[in-house]
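Atoms within a ligand are numbered from 1 in the order they appear, just like the ligands themselves. Position 1 is the first residue of the sequence, and the numbers go up from there. Computation of the quantities below employed the complete heavy-atom set of this structure, encompassing side-chain atoms and omitting hydrogens, waters and symmetry-equivalent molecules.
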Amino acid sequence: MFRKDPFGRAWVLISPERGLVASDFGSVLPLPQRSPLSPGNERQTGPEIAAIRPSSTAPDSPEWRMRVIEHPSALVEPRPFRVEGDALFRQAASSGYQEVIVEHPDARMTLDSMPRSHLVDVLRLYRERLALLAAKPGIRHVQITRNVGRAAGALFEHPHAQVLAVPVGSRWVEEEVEAARSHAREHSRCLFCDVIERELAVRERVITHNEAFVAIAPFAAKTPFETWILPRDHDSAFTGVASNTLPLLAELLQTVVRALNDALDHPPYNLLVHTLPAAGDRTFHWHIEVLPRLTQQAGFDWGSGFYVNPTPPEDAARFLREALALREVQE
Ligand SMILES: [Zn+2]
Ligand SMILES: [Zn+2]
């Protein structure tokens, strides 16, 4: 169930049924050909919600290019969101949507190794699922998460993403929205657009960029090699991204992941799409955060609420730029 923290903005999912068991559904099946997400194993997962497949093929049969399935251990389910309780103790049955997007039939495929055109189709499917779930009644927060590697909490080794849509706000996105609102009140400009402009002028923390997107190591990176990818044109939601810029996003994503893989030897990472449910809002600017899982959060961080990051973002950006330059020389 959802419980509202009376001392802050967080909603907590209290989920005893989840127990203490890690969600590593795929870890008992280490061989890629035995991945429960591979073609031929469709019955091992929940029924297909949507798929990119030839129209002559039936749902839950092989021959698909991408599939959308129910999350195997969903923490939320579609049902009305009814908050009970008083100002101190507010709670509601956990409601919302949780899906898994199987991005490629080949279990060994990765974000950086898949053909560019296939990744463009994956991004289009992200946009489609987010738009569809954002339109459901009462949804306040939608999110795409891509966990890679066991240390990053990946459900499967097979390339996949998770889609979440819930009737409560995300603490992190709301904090960013609040910062953007207060900046807009003071300067009548988008905070993110201003940061992008400054970063592109200074270049110190820019990792790479193209006509439509820029990848930076944020000024106050919370973790080593934290990387943000932002659209250079303002928009509040991923659902607003134009089809003709998706190839540019795919290009930048692959470049960033290759740089991290080269520089840090294929680190586990979390990729999060931070977005509002709908486009057209001036007070937020959607972006992707890539967070390599390199350090354990230590007691100081937990105890104080400060993040301790041993890698200055300027060093991280330079290191990643060098990795990309080296790759260019070798290719
Ligand atoms: Zn903006
Ligand atoms: Zn963010």
Test item: side-chain donor near acceptor, S61 and R53, under 3.5 Å
yes
Around the Zn ion (ligand 1), how many protein N, O or S atoms are there at under 2.8 Å?
4
Shared ILVMFWY cluster between I216 and F225, side chains joined below 4.5 angstrom?
no
E174 and W172: side chain donor to acceptor below 3.5 Å
no
Between R82 and S95, do the side chains contain an N or O donor and an N or O acceptor separated by less than 3.5 Å?
no
Sorted by chain and residue number, which protein N/O/S atoms are under 2.8 Å from the Zn ion (ligand 2)?
E176 OE1, E176 OE2, H274 ND1, H287 NE2, E289 OE2
Under 6.0 Å between ring centres: does that hold for H266 and Y269?
no
In terms of relative ring orientation, are H274 and H287 parallel, tilted or perpendicular, with 30° and 60° separating the classes?
perpendicular
For the residue pair W64 and E42, confirm or rule out a side-chain donor-acceptor distance under 3.5 Å.
yes
Can you see whether R189 engages H234 through a side-chain donor-acceptor pair at a distance of less than 3.5 angstrom?
no
When the ring planes of H187 and H183 are compared, do they come out parallel, tilted or perpendicular, using 30° and 60° as the limits?
tilted
